[in-house]
Structure formats: structure tokens, C-alpha cells
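Residue numbers begin at 1 in each chain, while the letters A, B, ... track the order of the sequences.
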Amino acid sequence: MSREPVTLTIDGREITVPAGTLVIRAAERLGIEIPRFCDHPFLAPAGACRQCYVEIEGQAKLVTSCTTRVAPDMAVRTQVTSELVRRAQAANLEFLLLNHPLDCPVCDRGGECPLQDQALAFGPGESRYIEPKRTYRKPIPLSPLVNLDRERCVLCARCTRFCDEISGDRFIELYDRGAGERVSIAAGEDFRSPFSGNTIQICPVGALTATPYRFVARPFDLSSTDSTCAHCAAGCAIRVDVRRGKVVRVLARDDVEVNDAWICDKGRFAFAAPDRPERVTTPLVRARGLEPASFQEVLGEIAARCRGGRVGILVGGRLADEDAYALSKLARTVLGTNDLDHRRAFHGGRAELLAAARPMSVTYRDVEEAAAILVVGLDAEQELPILHLRIRKAARRGARVFVLHARRTRLHDLGEHLLVRPGHEAFALERIREALAAGGDGPEARIAAALAEAGERAVVLAGPRLAEHPLAADVALGLAERVGARFALCARRAGDRGALRAGVHPTLLPGGRRVTDDVERGQVEAVWGPIPAEPGRDAMGILRAAAGRELDVLYLVGVDPLRDLPDPALARRALANAGYTVIQGLELGELEPYADAFLPAAAAAERDGRVTTWEGRPRPLRAARAPLGLSRPDWEIFVGLAEALGADLGLGSLEAIRAEAEPLLAPREVPVRSSAWGAAGPPQWIEERVLFTYPLLVDEGRLLEGATELKAALEEEPFAEIHREDAEALGVADGGWVRVRTSAGDAVVRARVGETVAPGAVFVPFNQPGLPVAELLAGRFTVGVHLEPAAEPAAEEVA
Amino acid sequence: MSERRPRVDLSSAVGAVASGMATILKQVFRRDVTEPYPHVIVPPPPRSHIGRHRLNRHENGLEKCIGCELCAFACPADAIWVEGAENDPEHPVSPGERYAKDYQINYLRCIMCGLCVEACPTRALTLTSYYELSFTSREEAIWTKEQLLEPPPPLGTDPVDREG
Amino acid sequence: MSGRATELRQETMIVNMGPQHPSTHGVLRLLLELDGETVVSCRPIVGYLHTGIEKNTEYRTWQQGVTFVTRADYLSPFFNELAYALAVERLLGIEAPPRAQVLRVLFCELNRIASHLVWLATSGMELGAVSVMLYGFREREAILDIFEMATGLRMNHAYVRIGGVVMDLPPGGEERIRDFCDMLPGRIREYERLLSRNPIWLERNVGVGVLPAEEAIALGVTGPTLRAAGVAKDVRRDEPYCGYETYDFEVVTREAADCYARYEIRIEEMRQSLRIVEQCLERLREPGPVMVEDPKVAWPARLEVGPDGIGNSPAYVRHIMEESMEALIHHFKMVTEGVRVPAGEVYQPVESPRGELGMYVVSDGEHRPYRVRIRDPSFVNLQALPTMVEGGLVADVIAVIASVDPVMGGVDR
Amino acid sequence: MDLLDWALLLGRVAVVFAGLLVTVMLLIWMERKVIADMQTRMGPMRAGPRGVLITLADGIKLFFKEGIVPAEADRPVYLIAPVIAMLPAFLAFAVIPFGTSVTLFGREVPFQLADPSIGILWVLAMASLGVYGIVLAGWSSGSNYPLLGAVRSSAQIISYEIGMSLALVAVLMYSGSLRLSEIVEAQARVWNVIPQFPAFVVYLIAGLAETNRPPFDLPEAESELVAGFHTEYSGIRFALFYLGEYVNTVTVASVAVTLFLGGWRGPAPDVLPWVWPLLWFLAKVLAVVYGYVWVRATLPRIRFDRLMAFGWKVLIPFGLVWVLLTGAIVVLPDVYGRGPVVAGAAVVFGALVLASVAAPLLRPRPAAEVGR
């Protein structure tokens, strides 16, 4: 879209803007504030509220500036210079307030309400309307999270437009016309969109309110901190509102490079975990039981165990970049081990190496401007919701979207899905590559053609599912390179990419330098000093080693191997057999009986630092409040542990860490290695069918604890998605009960029958309430499965 | 110097001291201005808001306070803490959706300026002239909602505040 | 020669008078160098009562500012409030209604009398005339009773608001003020009988703490201390506000520039203030609003006394909670955010009992002041202290402080 | 002296001591009530009926308060000084005849502890001893204000003691005795206040200064020197100073009554003849104290240099002249007969009055002295 400049005058002041600009935006650029309700910079113009009237010379009637585009030599007069406009705006405000309930003192929006602000700035001071007002039943819960108060609604349609245009979850709609027009939801429906909270934030009045924030605070009570959401690797800009040391609300901040103006409901509503009573905020050490002690004491104890012993370190996905770097250095230089791993998805190979070495191969902007997008092994809506919105935005702008996944995702209305059995993604990708040359008319051929056509405006986004097949990610990378597309290996958790870059990895050092490569290791040793040269064990390897009594100290940082990793039985053995178990995190949970020492870490909202998005973009974390109790940021604990071991990491502050890490983490070339085509065969399951699982957006994860309303809104009963053909073959009906049996265990769940999964694939969500799916897994998130119809279980069996 | 300056000489000195002593003696016959508090309590004028706050109820017993926090907004000393909550429709505390789950006034901070009652949109909060507020601890100085809902007794009757 | 003089000179003694001392008007600290009982040098040190009033206002709404500034010079709260309100009104380009202006003048002048009575009381006490102290406070009490009757508080009233005053006089209020006006002149005559010709009073004050006009002007001294040197400077007459130009009163001056002249001026000023008060009472026969009508500026409260105390009147509560959405919004926004004042800066002086009290107020267009700076006369007048006391005796220091009448709340802010 | 004599003496000492304490207690209450009256206040109201026990309450409170000894203080002197200040005040009272006598166990018991022939000198001696306590207290406190107060005090008391002595000299010349009981006897016909009025005035003024009472309370001028010599004292030691001061006031008033106001003399009915003189004495003392309080309520505090000037330049010359005149009045009639002496005295007295009027008592400083 070439946009030639247009020059016009607003209130006598001249301005030049690109053609197609709305008058209201042009006025904003001049610093003239035209009142508005329905206008939103990320939504299409609507002209619903009629508040933004301006006068344009030569036009008989006033026009709404949010729907009028600039024209050359247009002369616009706003309320600043036009009495007519001023009167029209005042009259419109009076009109909007006719039926508005006298709710300000009880309304959550009171004090930060655009309607109040504009009534004060532009409206009359007294009411002329004294007749009874229109009333509705209120509040109407649209979902456990969102309440609708129709009396307060000014019918600006921001919420419905958001659902139409941005999230595509069209649960709410404007019904009826005239005085009876109102926002409605279909009877019995729930506003089950993972983006529902955004409608609350953009509502210009108090018509949509959030249940968790209902009557909780006033803007005056809050101290706000601009930070970054640490729930996933999307890296959304948020504002954290704290009242008296307690986080009570999270809002999205505008950032056109990352999240536009949106965040998902998890980011918005899951903030209560650090305030739970289960949180432990003092260091503990095992004496007669676990007993509170000082940091010095506990670190001294741990140091005594570590000195000369074999240490294995498991890390969760929540470490900030600085923590990861400090830990990586601590493990290699002080503890003398490469046995550390943060991963849950073990990609390996060149794709991972690239992700560790080079950030920002694909950005949100690249996605938005792409012509063709291939999403492989990623359920974007559930795993990186804001990336999902970007893909949708791109689709609306004309990009062709393809999803290669074992299960249908929420891109189904805009993109084409190619459902493949889990573990067979690499073959599908190879077929696409073959189609590049051969052509054809199957889905593979369409994808190949679209990618080839888009060339460097094509984007391949590879997700965690690919880790289930050795080198599948490399295959995707190869395909991207073949067509000249941009490629990103999308990390899911907020700390994943940062930990990978910093070398919290058994074989990779900071910047993707290989432990086994003397030259690359030497580059790091130049800064750090000697590093063990033999490759370390990966996460499962560390557990196996601990289980085999090969480790003296098992150090768990922000991870619960019983919940987070796909082999709880192994984890239990490891915990039982480890010489000494150190837990570092927010709470102990089920690890309590195994812990020999506990180190309380600060939550993301309590500390400064950085997290890295899936793109590789560093984003700032800022402390919205002080850490509770004695807890402190992880990196400080690592530095303290090093000190207790008599070593000085030289990482006394965040600045020091960044300064040291910066040269090591600079983007660097990765030596080209042979492509991974056909390097490995398909997994050979004994069983006919494959169970696969991944965490949905809202599950039983630790950081979602306490977010009751969010769980009520979005959590699902455990289910098994089965393809219709399989169901018919087994005689399982939709909604009926099915027994899933794997080599590790079995469970009875409700079946969902349809065409939402690939034939032969069975999807059970990870970690939903009542079903710890991990117990069915044996080291991978994909496992051969045997299905049979089952009777409805007794209540306790489900639990 | 144009104006007449007073001078000191014996006669004027004796005269001035004598007239001064006479003036002093005259006061002996005036009514005392001090009050034998607490035996006699002179009621403060009606507008006087030198005392504690009071939370009011409607005639049907519901609280007038709707937890809107306007008083806390208006308070220049940050002396008021309000926490709103949703009314249980079966057992409402106040009319409407919202009520004050918690309401505290810290009398170590309160400056009795009255902006809070001026801000109150329901006359739930009023200021009284019950000035017999004495505390021996920080906790005591923070009045809770239950205490504030209690109307103040007549001055001089609260045994806690009586001397001795 | 000078070396010899130094040798001969005896060792001097350094005395820290204050910050805790019975007659330093609170927490003024004077570093006195004494040669025997003669003051060789004097260095006033301030800051012990720093309350952060100016800084606090930057974090509060414009309307809340009144409750802070009123506490600066706590003996003349109405003047602080008035200077602040006038300054903000000038930035807003509004003017309070006539009746509000009359009430402001009325309370300021009563406040001036009250303040001078405190001066009389404290000077009396500091020079040992204990009864005068109690008489001064006794009569001041009558004024405070009037204040309490009208504003509900005896000090720090927050009565003058941006755009007017918060409440009109209660019924019967004018009578009480009139009674006071009848009572006071006789009492002033009594003070004079006790002090004006008393030999000890004279010898403690006459010729003590002389501050000639040139020095006073050079040091920025204002108020009675300046007028005692014969300079007829009075903001009420020179830069009238609240319609002072329409009142009949005299600017009292004396030539002697000593403590006694300051005593005479303050006594006479009380009489002049009474004159103004009486004129105000005449004007109050005219009814009218006491707050501007514009709901976008006016403080929204309508107070009424009931059996439950003082609070918003039920009629007003009904209006904002049941009748007018606009009124509710304006109430809400005025209370929470307050008025938004156009960007600009203004210096507004008023004649406080201690001299020129100025408010320098800067707005950046927000609903909070960008800066409020109080030019407090006590602070400036204290500069002249060394000039007045050096070479005198310790006892004269007391007389001079008393005659300057500093209020540390205003000095330190 | 037999055992009973000793017992009676000890009894008298105890009674006088206790009586003085009670008197001081009531005196302080009275002073507070009187000055409250003059200031349209109520004064103490809470301790005892109409606050009469306020001093007791204060005393108990002070007794239990912590006595602070400053780090810079000279400890032994600091601790002993209040006692030194208090003792002479009690001792001075020993020679005051506060009544006639009463017969107990067949012995005549005079209302006077001792009646030495040098009664007046004893009073003077004790009064000047009291200053040691003050000087020592001020010096030993080791801080500036007490030091200044002590210096002021010694200067003031020494200066005014001369004036006071001169007044007393005039009286003893007139009465012809140093023995206080005889002086009282001598006033049977006319009180000394009539013939010795100038001496009475001098004595009252000097007495104010001797007791550090306003307007001569310079040593403890609270508005200048915080609390003067006892700034650093607290608790019981402060109470001792306070007590000494008020016993002094009683003594000074008693001496005034004894020397000028006829002592215990007054009209008395025949019932209980020993009671009335006591009551008269008490009434007269109270009257003098009332006068003191009245003065305190009226007058501001004089400035120290003026105080010294007044003492040396006015009071002492005036006293000297009066002593000369008294001498003349006592001696000359015997030599020259009554008429010429009275005429001559009138002329001299007139000249003196003229002189005092001409030379301003308290001249304001000339302008040149003002400032630097």
C-alpha cells in the first residue's frame, strides 16, 4: 500500500499525513484530543458512539472523525474552534448519559472511566433528564471472568468488534436495534475465549467488568508497574497493579512490536499464585523436619554437600535471563558439571543450535507481514496466544496460513490444517518438500506452492510437538531454507529461550557454543575459566542418574519433576535416591518429603530482570513489589551459593550479569551441517494408536494456582480426543467413557469424538484437573496407547 | 522621630505599675474562662467536626456505605482504608451491588479536615464532635468498621476515656 | 593593634538557643556567641519543623492542597488558604462570588486579630508578663470559638476553597462576631494599661532590636516589623485582593523601628482589623452564594448538620445518587481528581499578620500542582534577626524574637 | 535543760519543720489559685478538694521521677547542691517568732525555735548561704544555661543582700535590738511599717530579688535561660530547689511581718490566747505573699543589666540615705530636741524625693548604645 501524503488543516493548523489516515488520527498527531468511545486504534472504524463529531468545511452536517479519512485541503474544525461541534459533543454526551445508571460510586470503572472523563471535559454539568431510566438485570455473568452490565453500556461495539476482528471468538454480539439494542450472548453459552479479558480493558465504560477485580480497588489505591508477562514466551507488555503489596490486576500495555494492545486471559488473571498461603518465603533445611533457617546457614549446608560431589541441576521454564546465565556459570565453573537442563521438549540438532546462537530470526512483525505462514507442531492459541493473534492478523491481511499438527487448532477458520499423526511431522514436511518440485493438488502441494510463492515473505513456525521426533525441527528448518522462508523454533515458556541462549543445557554453553567443541568452549572459558569438556546429561538423563544413585546432589530450580516431566515414576525414584535434594522455587508442594533444603525464590512480579520472547527479544521484568519474606531473585541465590562454595562469580548485580553475558550472547554464525533429511525413521509403536499430550493455556500449573475464576472459565474436564474412525472401530461414542492404557498406566476419561485429531492419534490434555496425564507417560509426551470403551468410573477413581 | 515616645520617670512608673496592678485585680472579679472538664462538658458547636467519624445506617438497618472509596480518595492524609466487596443478594449489607467489606480510619493520620464527609455521596460517613479519643497503642488508633458503625456516646460517658 | 585587641578579648561562649527552648516559638535554633551576656553573633538555624507541606501538595489534587497549606503558618491558617485559593483561582481565571469574598476578608481579619493576640500573649510571657499571656489566649479563644462555629474547626480549617468558601456562616453567626467586636476594644485598652507605660515593659522594648527601614527593605522584611520602621507597605492596600480596596482602614506605621514600635503597631492593627470586620458584617446583610456555580470547578459538597454529625445534606445526596448523572460524575471526578488547572504560574501575595505571605503556584495543566512555593513572611523576617540582636544582650534576643513573631510552621513548611 | 526541755525543743523543731512543709504546700497551691484568679482561670482543680493537694501530687510525682545526672556534670557537687540550697531556707526560719507561747507540761514553750540576740544577723547569714547551692548547682551542671543562671544569681543575691541589709539595719537601729522577739515587742504601739516605710519598700523589693521571684527571677528566667541554674535538674533534686525557694519566700515574708508588720501582734479575744497570735502571724504572711503574687501577675521580667543597675544605683543609695536618716531620727531628737529634727528631716526627705524624680530610675538606653 503506497500512501502518498495528504495535507489538510485541523483547527487552522496544517498537517501532512499519509492518505487513508482517519481524521481523528491526524488530530491526535497535532495533539488535539477529540473525544471518542468506540474508536480504537487496533479495531476497524465503526462510528458507533457519535462522540467524535467534527465540522468539515463545505459539508453541511457534522461528521464523525473516526470514520472519515483525510482528503487533500480538507479544513477540519474540532471542538477547540467550533462552537457547533462543542454543542454537538455536549449534546451527545447528555444523550449517552440519559440512560446511564447512577453507578459511579459502585462501578469498578469509577475513577478511570472514559465516560466520566469526557463528561467532565466536554459534557454539561447538570442533568435535564429526570424521567425514569431504562433498567436491565445486572450484572449478567458472560463467563466466570466477565460480567456484563447493560445499563452502563454505550453501545460502542468495541467488545464485539474485538471478538470479530481480533480473536475470532464471536461469543458476544449486539442484538436488536434502537433503544433496545444491547450486547448479548447466546443462551447457555459461555464467553469461553482465552482473550475475553481484553474486552473488559477496552470497554470505555463499566459495562464489562472482571470478576477477580470486582470491587477490589480503585485506581487511586494502586501502585502500577510496567513489566512483562512471564507466563509464556510471548513477552507481552503488561501493567501490574498492586494494592498494599498484593497484585490485584494485570492490564495489557500497548506495544506494536509485540502484543499490540492485547494479552491473553492467563496473563491477565493468573497473578495470585505468589500470594498463596502455600508459598514458602524462608529458607528451610532438614533437621528433625524441614525447619526455617537463614540463607547463610542453608547455603552453607548445600555447599558442604556440593563440594566434591556430583551435582545434577534440573531447571524449570521460569528463570529470567540473568538467572539462567548465573546458573549456567555456577554449574560449569563452581559445581564443575554439565549436568543441567531446562528443557521439556528435546529438539536437539541444528534448529536448536540456531535458536541458541541467533535471536530474532522471526519477529511478530515478520509474522504480521508474511504472505504465507506454516505453523508446525504448535497449537498457537494455547501455547503462545499472542503469536496466535498475530497469525490471525496476518491472515486478515491476506497471508495464507497452514497448520501442520496432530490436532486442529483455533486457526481453523482462517487457515488450512494438515492433521498428521504425532511423530510423523517430519514425513509430512518431507512430503511438502517433495511437492515443491513435483507439484500436485494435495494439501502438501498447496503448502509447498504457497511457501514457494511467498519466498522470503514466508514464515515457518516450529513448535514443541516437533521435539517428539528426533531432528524433526531440523527437517522444518531445511524446508524453510529450501524456500528461503524465515524459520523460528518457538519456545513455549517464558524462560525457555533465555535458558537455551545462556546455556542451561547439557551440551550447549552461552550463545549455542558446544561443550564438545574445543574452540567454542575455549571462547567461553576465556571469560569463565575452565569448563568440563564431557557433555552432560539431559533432563531425563539426570533423573536416571539420580535414580541410579549416581548423583550426590539433585538441585531442582523452579521445576517439579513429578508434574512437569513426562515420567513421574522415574522422578520419584530419582528424588528418593538422590543423595541430597535442593529445591528452589516458590513453594514445596508434593516435593516436600524429598527436600533436604529449600531456597525461596522471588516471583516474577517481585524482581527485576529480563525474559526472552520466542523471537529472542529481551523484555524487561520489573518488580511490582518487594519479594515476600526472605525470598530473593534466583540469580542472587546462585551468587550466594557460589560464595558459600568460596567462589566469586563476579556477578554482583543485574548490570554486571548483562555486561558479562552480552559479548557471549551476541548473534553468531553457526557452522552449516548436513541436512537431516530422512535421518531417522518413524517411531515404531507396538500399539496401533498414539496418545499425545501438551499443556493447554489453562491447566493445573503452579503459576495458575489461586486463579479460581480463570480456571472456572477455561479449564476443561479431562477428555480424550479421538478421531471418528478410531471411535467407530472401537465402539466409543462421543461423550462416552474410554479407558486409555499405556505402558506406564491407565485411566478412564470421557471421549470426544470428531475430526479434530489425526486418525490414529489420541489427544489428552496435559495436567488438567483430576487427570495427571504424566502418569501415563514414559519419558516422552507421545506414547503408544491402547483404547477400550469403559464404564463410567466411580467418583473417587476419576479423582 | 515625629511620634511621641513614652518616657520612664518615677511618677509615671509608679502610676503605670499601680494602674497595671489595678487592672490585674479587676480580673479577679471576672468569670473564669476555663472549664472544669470533665465534670462540666461544654458542648461543641453544631458544625464542629473535631471528633471521630461515624458510619451511618439506613432506617432498615442496611449500611449506607457502599464501599465506593471516595472518602479515601478525598483524604489528604491517607487515613482511610476501604475495601469493597459484592453484596450477597440474600443477606445484603448495603443496598445495591457493593458494600464496604473493610473500613478503617487511622486516627494517627486523620487531620479532621472533613474532606471525606464532603466526598461521601451517601452520607454514610459523617464527622461528629466526639473528641474523647485516646489511644495507648497504634492498633487502638485504627478504628474498624464495627467501631465506626457504633454511634458515639455522649461526651464524658465512655469509661475508657475517663480519667482516673 | 588588632592583634592586641584579640589578645585582650576574653573567650566567648557558644550557646545553642533552641531548637528546644521556651521562647524560640517552637523549634527555631539560634547559635549565639556570647561575651558575658552580650551577643557577639547570632546565626538562626531553621528546618526543625520541616513538614514537607510544599512537596506534599505536588502529590495531591488542587483542592486537597488547601488542607496542607493551612498548616504552614498555623497561627494564620485563613491567610495560607486564601493565598493558595486566590493563586489557583487566578490560574483558573475565575473569581469567587462576592459573599465568599466578604467572608474571606471577615475571617482573615478575625484571624489577624487572633494571631496578634497570640503574639501579644507570647511576647508577654517571654518578657515575664504571665498574665498578659493568658489574657491574649483568652481573647483569642473567643475568636477560635467563632471559627469553630463557622468552620467546625478551631485551627487549620480548610475553609477557604478554590472558588469560594465551603460553607456560609451559620444562623446567629453574625451576632456572635458582633458581640466579639463589642468586647475586644475594652480588652485592648486593658492590655495597654498593663504594658504601654509599664517601666519594665518600656525598658525591655524601647530602643531594643532596632531595624532601620533601609536594612529592613534590604533584607526583605515585611509586615509590622517593616511598618515599625516607617514604611507604609501593606499588600491589602498596595495590591488589593478580595475587594480590600473597598474597605476603610489605615495602614499603621511607626518611626522608631524598635520592639516597642512593633508592639504599638500590632495593638493598633487589631483595632483596624476590628474596623474591617465591622464593615464585613455590614456587607453580609446581602445574601448570595459562597461558591462558584460552575460544577467543573466548584467543590461539590453541600454540608448539613444532623443528629449523626456533619455530612452531605440528604437533598444533595438524593440529587447525585438518584437524579442527575452529570452531577454524580462531577461529584466523583471533583472528589477524586479535582479540577484541572491550566498550565501557567502565578504569584499571589496576601498581607498576613506577619507580613507578605505569597503563594507561587505552578501548574503544568494537570490535576495536581506542579509546584507550590510559599513565601512565608516569618522565614524572610528571621533573616533580620542577627541585625537586630547582635551587640545586644541575651535578654534582648528574646524581646526581638517576640517582636518579629515568627511561626516555625511557616518557616519550615 | 532537762530531758523534757530537749523533748520539747525537738518537738518544736519537728513541728516547725512539718509546719513549714505544709505551709509551703498550701502556699504553692495558694499562689497558683491566686494567680489563676487574676487570670480568670480556675487553677488546679483535680488533686483534692479544689486542687489543694496539687503540690503533694507534684511532690510525689517528682519523687518518683528519674533524677538525671548529665554526663558533663561534676557529680558530687551536682548531687549535694540542692540540699545546700534548701537547708539555709529552713534554718533561717529558726529565729522567727511566729506566736507568743503556750504552756505544755508546765513549761512555757515559745513559738520560736531560738531567740538569739543576733536574730537579724542569723537571717542575713542564712539568706546569703542559700546562694551557694545555686552557684554550685549552676556550675556543676556543666552546661551553659545553668552557668549563666548561676553567675546571674550570685551577682543578684549579693547585690540585693546589701539593699536588704540596709533595710534591716534601719529597722534594728529604730528598734534598738537585734533580737527578733524584742523587735516584735517594740512594735506594740505602732508597727514599724509606718515610721520605716521606705525601709519596708526596700526590704520588699530586695526580698523579691533574694527569693528569685518575678520580676527578679533572672537566675531561672525561663524565657532566656530555659530554667537557669536548675535546667539540668529533675526529679526529687529539682523538687528540693523548688521547696527551698518557697521556704525562702515564707521566711522572707515572715521576716517582713516580724520586722515591719508587728509580727504576731493583733487584736485577740481572750479565748485560747495562744492561738490568735499564730493566726495573725499567718494572716500577715499570707498578705505579704499575696502581694508578691500580685506583683508577679502584673510585672514583666526586668532585664539583668537593669536589675543590677537598679540594685546598685537606686536601692543601695536609697537604703544608705535612709539609714542615715533613721540614725538622725533616732539620735538627733535626743540631742537637739524634736521640732528642728522633724523640720530638718522633712527638708532632707523632700530633697531626696526631688533627686529621685530628676534622675530617672530606669533610663532607656540612649540610641547610640543600640545595635552594634
Evaluate Ser129(B) against Arg47(B) for side chain to side chain donor-acceptor pair (under 3.5 Å), listing each step before the verdict. CA-CA 8 Å; Ser129(B) 54; Arg47(B) 279 186 185 178; over 6 Å; no
Thr281(A) and Leu630(A): side chain to side chain contact (heavy atoms under 4.5 Å, CB included), yes or no, with the steps? CA-CA 6 Å; Thr281(A) 58; Leu630(A) 293 179; 5.9 Å; no
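A distance of 8.0 Å separates CZ of Arg268(A) from OG of Ser196(A), quoted to the nearest 0.5 Å.
Leu145(A) places a side-chain heavy atom less than 4.5 Å from the side chain of Phe269(A). At least one side-chain heavy atom of Phe191(A) sits less than 4.5 Å from a side-chain heavy atom of Thr199(A).
Scanning residues 108-142 of chain A against chain B with a 4.5 Å heavy-atom cutoff picks out Asp108(A), Lys138(A), Pro139(A), ordered by number. Within residues 91-110 of chain B, the residues approaching chain A closer than 4.5 Å by heavy atoms are, in numerical order, Glu97(B), Arg98(B).
A cation-pi arrangement is absent between Arg54(B) and Trp143(B), since the terminal nitrogen or guanidinium carbon is not both under 6.0 Å from the aromatic centre and inside a 45° cone about the axis.
Arg192(A) and Glu715(A) are not joined by a salt bridge, as no carboxylate oxygen comes within less than 4.0 angstrom of a charged side-chain nitrogen. Lys246(A) has no carboxylate O lying under 4.0 Å from a charged side-chain N of Asp275(A), or vice versa, which leaves the two without a salt bridge.
Your options are Pro121(B), Gly67(B), Cys68(B), Gly84(B), and the one with the most heavy-atom pairs under 4.5 Å with chain A is Cys68(B).
Contact of Cys107(A) with chain B is made through the backbone alone, with heavy-atom distances under 4.5 Å. Residue Arg214(A) touches chain B through its side chain alone, counting heavy-atom pairs closer than 4.5 Å.
No more than 12 heavy atoms of other residues, nucleotides or ligands shown are found within 6.0 angstrom of CZ on Phe95(A).
Minimum heavy-atom separation, Arg150(A) to Ser184(A): NH2-OG, 3.0 Å.
Side chain of Glu150(B) to main chain of Gln147(B): no donor-acceptor pair is present (N/O by atom type, distance under 3.5 Å, no hydrogens or angles).
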